[in-house]
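One structure is given here, and the rest of the page talks about it.
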Amino acid sequence: MRASTEANASKSLNRKSARALALDVLLGVERQRAYADRLLEAALEKTPLDRRERALVTELVYGTLRWRGRIDWAAQQFLPAPLAEMKAALRTILRLTLYQVMFLSKIPAYAAVSEGVELAKRFGGTKQAALINAVARRVVREKGAIRLPSQEEDPVRHLAVAWSHPEWLVRLWMDYLPGEDIAALLEANNREAPVSLRVNSLTTTRAALLERLRAHGVRAALSRWSPVGLRLTAAGAVDRLAGFPEGDFQVQGEPSQLVGYLLDPQPGERVLDACAAPGGKTTHLAELMRDQGEIVALDLSSRGLEKLKENVQRLKLASVKIFRADATRELPKGCPRAYERILVDAPCTGLGTLRSHPEAKWHRAAGDIRRLAELQRTILKSVVRYLKPGGVLVYATCTLTPEENEGVVEGFLQSDKGMVLEDSASVLPEAATAMTRGKYFFALPHRHDTDGFFAARMRKL
């Protein structure tokens, strides 16, 4: 009954309201445990908003997700009961309202509180609206006096609240990274991620695409780490940029671009990409091979494979063969059984991508790390049998947990004495050779202004 009431209330909201649309997206993220970017993109496509309103919706969604922990701490100071006991819709309305009054100085507090109260009336009635109003106004008046947990008495909780991360994750990183890195990493995770492009070297050059984008008014610059990368600010819809329909570039983060150089595929070779969708790394491998040879791309996601096919066709690549298959099992019929190179871009917790996916820190738990580490180990053991002697296997994740990174690789090398770890710096582009930790490729948001990323290059004796 409650869900039905809230659904009807949602339908009755004015779709031209940026705050109402942001609320819809945030509720979808919480209830469906979905990616915010996908829900946001779908919502903006369905609702006619001008550029300024679209920007506000985006800011409200990502800002509320990034700062949820800090917002919850402030809200709880003035709530008569635990925030977790509040209905999901009202809890989300409160977070959305408090994000504006705590973090957005250009939005008048009275406007944010007024619309928050109106939203609360539609979802919870007059009584609940009064509670939202009371808490929001208290925060407006007293936000400067709200104290964080004591750094001396509870440093983990202090950092978790100050930088809006779950305590279990802060504790994990304090054990994994040098102490001086922790606050910087947490702070970096709350920044907006830039848009990175990988230039299709088969159709154009980085200099030519950069000039073309700038001629169309796009603010772009050469990327720092990848020799085929560009970095954009305020790009808008990427698929509307000059060069996209022609296949002159692919959206892909810089660390992800560097994985192709770690594998170092050569023209004429046969390569297995065991977890390929949506195809950023797959298509880069094809470009590095000059589209000469064969890349067998596997994935279980039908939706992901459709996206991979679209990218392969748009980038005009002929060397990629796509199969729907489970990398933990034997290769399907029609797949070759021997490869010079294998890439395992493994399913992971994604905790290196919090700048782009801030919802991940609230959706993930310690149990997910153990579950996914087991899956990662299974995939490696399954695909290594198809690697030729002397062949190269690269294992990569976009997460920052020792169990999924070094733990998986070290356990794999112990169980398979025929594999050896090689030095990542020996094959990375010169600018990126500093992005290492021991022999591993290791990118960090606060050090490199990229997603957090890990990779290991191994060779079969």
Side-chain angles (χ1 to χ4, degrees), residues 201-202 252 256-301 304-305 308-309 311-312 315 317-348 375-397 408-409 411-413 415-424 426-428 439-441 454-461:
S201 58
L202 301 181
Q252 187 180 20
S256 180
Q257 295 177 33
L258 294 169
V259 169
Y261 295 99
L262 281 175
L263 192 64
D264 192 27
Q266 301 301 308
E269 290 185 333
R270 181 178 288 152
V271 176
L272 175 65
D273 189 347
C275 310
K281 297 179 186 66
T282 310
T283 52
H284 190 205
L285 297 178
E287 292 163 19
L288 289 171
M289 295 166 65
R290 312 304 300 169
D291 207 23
Q292 299 169 22
E294 182 178 29
I295 298 176
V296 174
L298 311 180
D299 210 279
L300 261 179
S301 168
L305 289 176
L308 191 155
K309 289 176 185 177
N311 287 325
V312 166
L315 296 166
L317 300 170
S319 58
V320 180
K321 307 290 189 299
I322 299 172
F323 295 84
R324 186 172 186 271
D326 184 347
T328 66
R329 300 185 178 183
E330 187 174 352
L331 293 179
K333 292 181 179 179
C335 280
R337 291 301 196 263
Y339 298 85
E340 282 86 7
R341 319 263 168 172
I342 295 179
L343 172 61
V344 176
D345 180 29
C348 67
L375 174 62
Q376 293 151 3
R377 286 189 288 268
T378 302
I379 293 173
L380 282 176
K381 290 177 182 177
S382 177
V383 301
V384 71
R385 55 184 156 163
Y386 303 114
L387 185 64
K388 291 181 178 180
V392 172
L393 187 157
V394 168
Y395 171 78
T397 72
V408 166
V409 174
F412 172 66
L413 293 173
S415 66
D416 192 327
K417 301 301 184 182
M419 298 293 295
V420 293
L421 182 67
E422 295 194 329
D423 187 0
S424 293
S426 66
V427 290
L428 284 169
K439 291 186 176 182
Y440 298 116
F441 173 66
F454 170 89
R457 175 184 163 98
M458 296 168 275
R459 187 179 295 275
K460 194 170 195 176
L461 297 175

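Residue numbers count from 1 along this sequence.
How far CZ of Arg337 is from CD of Glu330: 5.0 Å, rounded to the nearest 0.5 Å. If you take CG on Leu272 and NZ on Lys321, they are separated by 13.5 Å, rounding to the nearest 0.5 Å. Distance check, rounded to the nearest 0.5 Å: CG of Leu300 to SG of Cys275 gives 8.5 Å. A distance of 5.5 Å separates CG of Leu202 from CD of Glu287, quoted to the nearest 0.5 Å. Between atom CD1 of residue Ile342 and atom NZ of residue Lys460 there is a gap of 7.5 Å, rounded to the nearest 0.5 Å. Put simply, CG on Leu380 and OG1 on Thr328 are 12.0 Å apart, with the number rounded to the nearest 0.5 Å.
Considering all non-hydrogen atoms of both residues, Pro336 and Leu331 come closest at O-CD1, 3.4 Å. Nearest heavy-atom pair, Gly260 versus His284, reported as atom, atom and distance to 0.1 Å: CA-ND1, 4.1 Å. Across every non-hydrogen atom of Gln376 and Pro347, the tightest pair is NE2-O, 2.8 Å. The minimum heavy-atom distance linking Leu387 with Met419 is given by the pair CD2-CE, 3.9 Å. The two residues Lys439 and Ser424 have their closest heavy-atom pair at O-OG, 2.8 Å. Minimum interatomic distance between Phe323 and Gly334 (heavy atoms only, all atoms of both residues): CZ-O, 3.8 Å.
A donor-acceptor contact shorter than 3.5 Å is absent between the side chain of Glu422 and the backbone of Val420. Not one N or O on the side chain of Asp291 forms a donor-acceptor pair closer than 3.5 Å with the backbone of Leu317. At least one donor-acceptor pair closer than 3.5 Å links the side chain of Ser382 to the backbone N or O of Ala327. No side-chain donor-acceptor contact under 3.5 Å links Lys281 to the backbone of Asp273. In this structure, the side chain of Arg341 does not engage the main chain of Tyr339 through any donor-acceptor pair within 3.5 Å. Checking side-chain atoms of Glu340 against main-chain N and O of Val392 turns up no donor-acceptor pair under 3.5 Å. A donor-acceptor pair is defined here as one N or O able to donate and one able to accept, closer than 3.5 Å; such a pair exists between the side chain of Arg457 and the backbone of Leu262.
The neighbour count for Arg329 CZ, taken as heavy atoms of other residues, nucleotides or ligands under 6.0 Å away, does not exceed 12.
Counting only N and O atoms by type, the side chains of Ser301 and Asp299 include no donor and acceptor under 3.5 Å apart. With no hydrogens or angles considered, no side-chain donor-acceptor pair links Asn311 and Thr283 at under 3.5 Å.
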Stepwise side chain to side chain contact (heavy atoms under 4.5 Å, CB included) check, Ser415 with Lys381 | CA-CA 9 Å; Ser415 66; Lys381 290 177 182 177; 4.2 Å; yes
Side chain to side chain contact (heavy atoms under 4.5 Å, CB included) between Phe441 and Val394, intermediate numbers included = CA-CA 10 Å; Phe441 173 66; Val394 168; over 6 Å; no
Under the side chain to side chain contact (heavy atoms under 4.5 Å, CB included) criterion, do Val320 and Thr282 qualify, and how do the steps go?
-> CA-CA 8 Å; Val320 180; Thr282 310; 3.9 Å; yes
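Residues Ile295 and Pro265 are not in side-chain contact: their nearest non-hydrogen atoms beyond the backbone lie 4.5 Å or more apart. Here the side chains of Leu343 and Leu285 are in contact, with some heavy-atom distance below 4.5 Å.
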